[in-house]
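The first residue of the sequence shown is numbered 1, and numbering continues consecutively from there. Bear in mind that the values here come from a model prediction, so they are computed numbers and not experimental data. Any value given below was found using the heavy atoms of this structure, including those in side chains, with hydrogens, waters and symmetry copies removed. Read the numbers this way: they start at 1 and go in the same order the structure lists the ligands and their atoms.
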Amino acid sequence: MYLTREEEKLYEGEEGWSYQVAMRILVKLGDLFEADRLISIDSAHISGVSYKTIGDAAIEFLEALSEAGAKTKVTSTANPAGIDYNHLDEMVKQPKIHERQSRIIKLYRNMGIKPILTCTPYYIRKPKEGTHLAWAESSTVIYANSILHSWTNREGGPSALAAALIGKTPNYGVHKSENREADVVIKVEADIKNEAEFGALGIHVGRILNDEIPSFEDLRHPRETQLKHLGASMASTGMISIFYPCTTCPKSSDRLERISVDTDDLKNAFESLSTSSEPPDMIYIGCPHCSFEEMKRIALRLRGRKIRNSVKLWICTSRHIRRRAENYVKMIESAGGKVLSDTCAIVTWLKEIGINVLMTNSAKTAYYAPTMNRVETVFASLDQCIEAACKE
Ligand code: F3S
């Protein structure tokens with residue numbers, strides 16, 4: 001990969017160890033994927049923030065980088081952490097976990113990463129169409145490429161951090177227009193109505209395509225939230241980082257292979273996401289983190305109702321949306337629900353707070369929770385989740 005004189009200096013360590021490490025990560029990645037050069041990025045989004053997912057070795061690495069003076073060169077945000085410090089009563093109680101998690105957040109902040117701990121940074125600051133990014137977190141990446149029309153590879157935590165420190169990323173993958181074309185048309189022959197069904201569709205398509213780029217036909221005016229769920233689940237079972245909803249299908253789609261998805265495919269995918277028929281201990285909405293519209297919908301459904309004593313209702317969103325949707329937060333909380341920020345069900349400790357059965361409208365959470373959280377799942381629509389949470 002070609003490096004400018006300035007990049008070479010960073011690579012040789014002339015600007016310090018932290019930038020040398022970052023450059024080495026980027027060059028290794030670039031060489032692996034045959035990138036021709038580094039390109040400037042508008043922003044970076046870093047995953048690997050929860051102590052539950054990264055552990056002690058990663059803290060040592062972050063400490064070394066921070067002590068060596070690492071500072072980000074571009075706007076950088078971070079994914080949810082394992083703890084919401086404003087809702088400690090809801091969280092795992094071990095002081096060691098609280099201390100380690102807070103250290104991770106501090107280290108990222110020292111390096112210049114905004115402590116906006118959310119997987120929906122695009123609700124706070126939307127990158128412009130056509131700008132290059134280095135974003136980690138698969139649901140965030142697929143949203144950026146497919147809905148915002150920005151350009152980002154599916155970064156891992158270390159490569160997104162390295163890109164944040166250098167302000168550049170290797171030019172390969174979906175940074176090149178020829179790699180953003182659809183590979184296959186998905187013809188949807190089922191009637192898909194809500195975000196859970198869009199999520200189930202994504203689970204099915206991710207399983208059959210792996211890393212091919214789908215262009216959907218017949219999605220019938222999907223809402224933004226539904227596409228968010230479709231992308232998040234597709235990126236969970238597959239390595240897909242971009243898709244085309246019908247309205248933006250490239251015209252060349254006539255020459256592409258066509259795969260039909262029918263009602264049975266959808267039903268099978270939907271049913272595969274429930275592992276239990278027991279009553280849930282927790283109902284969880286907010287994967288990916290809720291938008292303002294989702295907060296409104298939840299609040300209006302809960303108006304004048306009360307959550308059962310036997311179940312917790314967790315709604316996760318960013319601090320920014322929490323503030324904007326303050327009135328809806330009050331409505332949810334007066335019904336007995338909890339609106340959490342900075343964390344999510346997958347990256348926090350559920351079993352340790354007594355959760356055995358988790359009900360959710362998120363296909364991504366239902367897919368990961370049995371392995372990541374060791375809990376059983378019940379997968380259902382948002383309306384069914386709210387009904388199950390409420391007293392008669
Ligand atoms: Fe976001 Fe957590 Fe889901 S990071 S996409 S809410 S697993």
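Distances shorter than 2.8 Å separate atom 1 (Fe) of ligand 1 from the protein N/O/S atoms Cys119 SG.
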Using side chain to side chain contact (heavy atoms under 4.5 Å, CB included), reason through Glu181 and Ile213 one step at a time and then give a plain yes or no.
CA-CA 7 Å; Glu181 286 175 16; Ile213 300 177; over 6 Å; no
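A salt bridge (Lys or Arg N to Asp or Glu O under 4.0 Å) with Asp42 holds for exactly one of Arg125, Lys126, Lys128; it is Arg125.
Atom CD1 of Ile242 and atom CD1 of Ile142 lie 8.5 Å apart (nearest 0.5 Å).
Contacts classified as ring pair (Phe, Tyr, Trp, His ring centres under 6.0 Å) and involving residues 314-344 (residues at least two apart or in different chains) are given here: Phe292-Tyr328.
A donor-acceptor pair is defined here as one N or O able to donate and one able to accept, closer than 3.5 Å; such a pair exists between the side chain of Lys93 and the backbone of Asp89. With Thr348 contributing its side chain and Ala345 its backbone, the two residues share no donor-acceptor pair below 3.5 Å.
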